[in-house]
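Residue numbering restarts at 1 for every chain, and letters A, B, ... go by the order of the sequence lines.
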Amino acid sequence: MRTHTCGALRLSDIGQTVSLCGWVARRREHGEKLAFVDLRDHTGITQCVVDNDVDVRSEYVVRITGVVRARPEGTVNSALPTGEVELGECVVEVLRKADPPPFPIDARADEVDEGIRLQHRYLDLRRERMQRNLRLRARVNSAVRAAMEEQGFVEVETPMLVPSTPEGAREFLVPSRKEPGAFYALPQSPQLFKQLLMVAGVDRYYQMARCLRDEDLRADRQYEFMQMDMEMSFVNQDDVLAAVSHSVLAAAEAATGVRPPDIERITWREAMERFGVDKPDLRFGMELVELTDVFASTEFKAFAGAASIKAICVPAQNTVVDISSFGRNQLDRLTDRAKKIGAKGLVWLKVTEDGIESPVAKFLSESETAEILVRTGAQAGDLVLIVADSWMTTCEVLGQLRNDMGRPPVHEGPYRYVWVVEFPLFVGVSAETGQPKPGHHPFTTPHPEDIDLMETDPMAVRSIAYDLVLNGWELGSGSIRIHEPDLQRRVFSVLGISDEDAAKKFGFFLNPFNYGAPPHGGFAFGLDRLVAVLAGEENIREVIAFPKTQSGTDPMTNAPVAADPRQLAELGLRVLPAAT
RNA sequence: GGUCCCGUGGUGAAGUCUGGAGUUCACGCCGGCCUGUCAAGCCGGAGGUCGCGGGUUCAAGUCCCGUCGGGACCGCCA
């Protein structure tokens with residue numbers, strides 16, 4: 001039907017008779033004998049000069065046949081790649097009339113209520129921004145696949161109907177028709193299957209895997225999302241990181257045209273010390289500054305005896321917040337924020353030309369104040385925020401404030417990838433059992449140097465678990481798995497899981513290991529998040545063709561909908577009346 | 001489960017604090033004019049359950065309570 005796309009024509013095509021197909025983006029009428037019709041498809045826009053009276057309106061689908069000609073002098077549109085030419089002597093065929101769209105099919109729809117965009121997603125996706133995102137995503141997918149294949153990974157598909165597993169995220173359940181009362185679960189990840197593929201000798205597995213988790217939605221979380229899931233045998237951590245890095249960097253290059261440098265690596269401990277979070281955004285400074293020793297023998301009661309005292313310096317030159325406008329009100333609000341995050345309080349110091357201004361200034365000795373300024377490097381106009389608490393709380397509170405005060409928008413600044421390694425094996429304590437909880441999952445290998453601490457000081461044990469972080473977004477995580485039963489038993493023991501419990505909960509998964517499990521490890525990263533950052537989008541919904549709203553509905557299809565009673569009967573289900 | 005923000009012709013906003021006739025602006029839509037525009041221009045017109053329900057009041061878009069929808073976040077996401 002068409003000889004060219006709407007973004008294709010250039011001066012070199014002048015004289016050709018061509019046919020274009022697309023949607024009417026805009027029509028500028030100058031009386032019956034002259035109208036400019038901007039024809040749009042996913043490649044761009046071409047101006048067509050129509051000199052007969054044809055009724056074409058916004059979003060009509062048309063085929064226009066005409067002759068490519070140079071635009072008259074002074075009428076070139078430098079904003080369009082096709083702006084030096086136009087289509088003349090146009091014959092217009094209306095392929096399909098269209099109602100006026102509920103919102104403009106251009107950049108103005110960025111301002112339209114997202115519910116309305118989702119209700120008419122097929123129109124929203126017609127827009128240049130969304131087409132760009134869809135196509136960027138496709139390039140990333142393709143590059144990731146190619147990079148994995150190139151490294152000898154074999155794509156294996158795993159089932160969507162799986163048994164429910166005891167640990168982890170809440171699952172979506174699917175009732176069994178043949179066995180009323182029994183349910184499948186939709187996979188929150190292919191974790192078990194990919195490890196069994198290692199037992200099966202697949203050696204290097206990958207999959208673009210759809211994962212489903214029935215947890216509350218966020219800007220970076222949907223019920224269903226895609227992971228590049230991989231697992232490999234006879235490897236150590238370096239092998240896994242290298243394989244994933246290769247894939248992620250190839251994806252980044254495909255998306256942006258620039259191959260990022262090798263991905264740097266920091267330990268979890270260092271990430272917490274310097275940035276106060278386990279997913280640090282390396283695009284900006286404001287790192288946490290150690291002050292504990294400065295106050296070793298302080299008179300200031302709030303600092304005396306604190307396990308950890310740290311500070312961040314918010315520079316006056318700061319694109320995110322304007323410190324100079326900070327009055328008492330904003331500073332009080334910062335303190336409230338710190339308390340909400342878990343600090344007992346927050347000490348602030350405004351640095352001025354002739355010293356400092358702070359409610360606690362009179363409690364600090366001259367040498368203490370001087371040392372604060374030296375260590376933080378604070379200059380006049382800067383704001384210093386200090387927290388004194390347990391090491392963890394101090395880091396976390398300042399890390400959050402650092403992000404609040406300094407984190408640039410996602411589309412700004414360079415891409416800063418970082419591997420965070422040596423995550424703690426255990427994190428926190430289970431409210432039910434009083435035992436430590438697994439940091440990653442219960443099959444993660446403890447760090448060899450720390451294995452002997454497992455029974456005596458479990459919370460100090462590091463693991464061979466790692467996260468990949470990009471500009472403060474957690475892209476994914478992985479670990480070297482335990483393949484050896486004695487070690488697995490020791491970890492279970494710390495978790496408070498007896499041999500009997502383990503057999504009951506994980507038997508179907510662990511018994512196969514007895515037939516010969518190779519040492520193995522793997523990783524999975526979220527495609528949606530990677531694509532969102534590469535696309536400069538704050539929200540993964542912008543890179544998903546048909547996403548759900550925060551409450552888990554789809555305004556276009558109205559999903560979820562009540563089930564037909566006959567369907568329920570067939571499944572042996574009855575819906576309880578809503579509790580009142 | 002919780003905190004906060006938003007809901008006003010098809011779209012985006014102002015009006016809400018401080019109650020007084022559905023008032024205003026821009027885009028879109030319909031009609032007319034218009035031969036070089038390009039998010040064309042000019043003239044005219046249509047289009048509303050101010051999310052929904054209840055309350056206070058002589059009077060509610062505006063105040064109060066509830067509810068629904070959208071968004072950001074906490075919890076949750078091994």
Side-chain angles (χ1 to χ4, degrees), chain A residues 25-40 45-53 55 57-59 69 71-80 82-83 86 88 98-120 123-124 165-171 188-189 191-192 211-223 225 336-337 340-342 400 403-404 423 425-428 430-431 436-444 463 465 474 477 479 491 495 497 505-506 526 538-539 541 548-553 555 558:
Chain A
R26 194 148 291 280
R27 174 196 46 153
R28 294 176 292 279
E29 263 193 293
H30 291 254
E32 280 184 17
K33 285 291 162 56
L34 179 65
F36 299 97
V37 173
D38 285 344
L39 194 63
R40 176 190 63 232
I45 283 178
T46 298
Q47 172 168 289
C48 304
V49 184
V50 179
D51 53 11
N52 42 8
D53 189 21
D55 186 31
R57 294 165 188 243
S58 285
E59 302 309 317
R69 65 189 190 203
R71 292 199 189 189
E73 213 177 317
T75 65
V76 166
N77 185 346
S78 57
L80 290 178
T82 61
E86 63 186 15
D99 293 336
F103 51 82
I105 311 300
D106 58 34
R108 283 173 293 187
D110 291 347
E111 310 302 321
V112 170
D113 181 88
E114 201 185 335
I116 290 168
R117 290 175 53 206
L118 290 180
Q119 191 186 340
H120 305 276
L123 295 179
D124 191 31
T165 47
E167 311 280 323
R170 186 185 300 118
E171 298 161 320
Q188 42 174 305
S189 85
Q191 185 65 34
L192 309 180
C211 303
L212 298 108
R213 296 180 188 173
D214 188 3
E215 299 290 353
D216 287 357
L217 281 47
R218 289 282 196 285
D220 61 351
R221 278 159 38 185
Q222 282 273 304
Y223 280 155
F225 58 99
D336 289 344
R337 170 92 175 128
K340 217 170 176 180
I341 303 166
Q400 191 57 57
N403 276 343
D404 289 350
F423 268 74
L425 188 61
F426 306 109
V427 171
S430 164
K437 293 187 292 185
H440 182 56
H441 62 53
F443 316 113
T444 302
S463 67
E474 181 191 328
S477 53
S479 63
V491 171
L495 293 169
I497 301 172
K505 285 173 108 172
F506 305 115
E538 303 276 357
N539 194 307
R541 291 190 297 272
K548 304 276 189 290
T549 65
Q550 195 169 67
S551 57
T553 64
N558 280 326

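Residue R28(A) places no side-chain atom within donor-acceptor reach of the base of rC34(B), judged by atom type and a 3.5 Å distance cut-off alone. Judged by atom type and distance alone, E32(A) does not reach the base of rU35(B) through any side-chain donor-acceptor pair under 3.5 Å. No hydrogens or angles were tested; on distance alone, a donor-acceptor pair under 3.5 Å links the side chain of R221(A) to the base of rC76(B).
Atom P of nucleotide rU37(B) and atom CG of N77(A) are separated by 11 Å, given to the nearest angstrom. Atom P of nucleotide rG10(B) and atom CZ of R57(A) are separated by 19 Å, given to the nearest angstrom. The distance between atom CD1 of I105(A) and atom P of rC29(B), rounded to the nearest whole Å, is 12 Å. In this entry the distance linking CZ of R40(A) with P of rC38(B) reads 19 Å, nearest Å. Summarising the geometry, the separation between CD1 on I116(A) and C1' on rC6(B) is reported as 13 Å, rounded to the nearest angstrom. Look at CZ on R27(A): it is 11 Å from P on rG28(B), rounded to the nearest Å. Rounded to an integer number of Å, the gap from L192(A) CG to rA78(B) P is 13 Å. In this structure, R218(A) places its CZ atom 7 Å from P of rC73(B), rounding to the nearest Å.
Across all strands, A79(A) comes closer than 4.0 Å to no nucleic acid atom at all (heavy-atom distances). Backbone-only contact: E114(A) has heavy atoms under 4.0 Å from sugar-phosphate atoms and none from a base. Using a 4.0 Å heavy-atom cutoff across all strands shown, T75(A) reaches at least one base atom of the nucleic acid. Residue-level contact check: Q222(A) touches neither bases nor backbone, having no heavy atom under 4.0 Å from any strand. Counting any heavy atom pair closer than 4.0 Å across all strands shown, R69(A) reaches a base atom. Base engagement by R108(A) is indicated by at least one non-hydrogen atom pair under 4.0 Å involving a base atom. Residue-level contact check: R541(A) touches the backbone only, with heavy atoms under 4.0 Å from sugar-phosphate atoms and none from bases. P438(A) comes within 4.0 angstrom of the backbone, heavy atoms only, and of no base. Nucleic acid contact class of P101(A) (heavy atoms, under 4.0 Å, all strands): none. Here D220(A) lies out of heavy-atom contact (under 4.0 Å) with every strand. Heavy atoms of Q47(A) sit under 4.0 angstrom from at least one base atom. Backbone-only engagement by G439(A) is indicated by non-hydrogen atom pairs under 4.0 Å involving sugar-phosphate atoms exclusively.
At the phosphate of rC29(B), OP1 or OP2 sits under 4.0 Å from a side-chain N or O atom of S58(A). Dashed line: the shortest gap from a side-chain N or O of N539(A) to OP1 or OP2 of rG71(B) is not under 4.0 Å. In this structure, Q191(A) does not reach the rA78(B) phosphate: none of its side-chain N or O atoms is under 4.0 Å from OP1 or OP2. Contact between the side-chain N/O atoms of S551(A) and the OP1/OP2 oxygens of rG70(B) is found at a separation under 4.0 Å. In this structure, T553(A) reaches the rG70(B) phosphate: one of its side-chain N or O atoms is under 4.0 Å from OP1 or OP2. Contact annotation: R26(A) side-chain N/O to rG28(B) OP1/OP2 distance is under 4.0 Å.
Taking a pair to require two hydrogen-bonding distances under 3.5 Å in either a Watson-Crick or a G-U wobble arrangement, rA26(B) pairs with rU11(B). rC58(B): Watson-Crick or G-U partner is rG20(B), with both key distances under 3.5 Å. Here rA72(B) sits opposite rU3(B) as a Watson-Crick or G-U wobble pair (both hydrogen-bonding atom distances under 3.5 Å). Of the nucleotides present, rG51(B) is the one that pairs with rU67(B) by Watson-Crick or G-U wobble criteria, both distances under 3.5 Å.
Residues L118(A) and D113(A) both approach RNA chain B. Their nearest nucleotides, taken by heavy-atom distance, put D113(A) toward the 5′ side. Mapping D38(A) and K33(A) onto RNA chain B via the closest heavy atom, the residue that lands nearer the 5' end is K33(A).
Judged purely by atom type and a 3.5 angstrom limit, S463(A) uses its side chain to pair as donor or acceptor with the backbone of F423(A). Between the side chain of R71(A) and the main chain of V76(A), no donor-acceptor pair closer than 3.5 Å is present. Side-chain N or O atoms of Q222(A) include one that pairs as donor or acceptor with a backbone N or O of K548(A) at under 3.5 Å.
Rounded to the nearest Å, the gap between the C1' atom of rG48(B) and that of rA13(B) is 16 Å. Remark: the separation of the P atoms in rU37(B) and rG32(B) is 23 Å, to the nearest Å. Comparing rC29(B) with rG10(B), their P atoms are spaced 15 Å from each other, to the whole Å. Distance noted for atom C1' between rA21(B) and rA60(B): 13 Å (whole Å). Separating the C1' atom of rU35(B) from that of rC42(B) is a span of 16 Å, rounded to the nearest Å. A gap of 34 Å separates the P atoms of rA72(B) and rC25(B), to the nearest Å. Comparing the same atom, C1', in rG47(B) and in rU8(B) gives a spacing of 14 Å after rounding to whole Å. Nucleotides rG20(B) and rC27(B), compared at atom P, are 28 Å apart to the nearest Å.
The side chain of K340(A) sits closest to rU3(B) out of rU3(B), rG71(B), rA39(B). Considering only side-chain atoms of F36(A), the nucleotide from rU37(B), rC73(B), rG70(B) that sits closest is rU37(B). Of the listed nucleotides (rG71(B), rC77(B), rU37(B)), rC77(B) has the atom at the smallest distance from the side chain of R213(A).
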Passes side-chain contact (heavy atoms from CB on, under 4.5 Å), R221(A) versus Q550(A)? Steps please. CA-CA 9 Å; R221(A) 278 159 38 185; Q550(A) 195 169 67; over 6 Å; no
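In this structure, the aromatic ring of H30(A) is positioned over the six-membered ring of the base of rA40(B), centres within 5.5 Å and planes within 30°. rU11(B) has no base stacking with the ring of F103(A) when judged by centroids under 5.5 angstrom apart and an interplanar angle below 30°.
Applying the 6.0 Å contact sphere to CD of E215(A) captures more than 12 heavy atoms from other residues, nucleotides or ligands.
Note that the CZ atom of R541(A) and the CG atom of L118(A) stand 7.0 Å from one another [nearest 0.5 Å]. Annotation: the span from L192(A) atom CG to H441(A) atom NE2 amounts to 9.0 Å, rounded to 0.5 Å.
Ion pairing of R117(A) with D124(A) is present here, as a side-chain N (NZ or NE/NH1/NH2) and a carboxylate O approach within less than 4.0 Å. Ion pair R218(A)/D216(A) not flagged as a salt bridge, since none of the NZ, NE, NH1 or NH2 atoms sits closer than 4.0 Å to an Asp/Glu carboxylate oxygen.
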Could you pull out all donor-acceptor pairs under 3.5 Å where a side-chain atom in residues 99-111 of chain A meets a protein atom, sequence neighbours excluded?
unit_1	atom_1	unit_2	atom_2	d
D106(A)	OD1	R108(A)	N	2.8
D106(A)	OD1	R108(A)	NE	3.2
D106(A)	OD2	R108(A)	NE	3.3
D106(A)	OD2	R108(A)	NH2	2.7
D110(A)	OD1	R127(A)	NH1	2.8
D110(A)	OD1	R127(A)	NH2	3.2
D110(A)	OD1	R129(A)	NH1	2.8

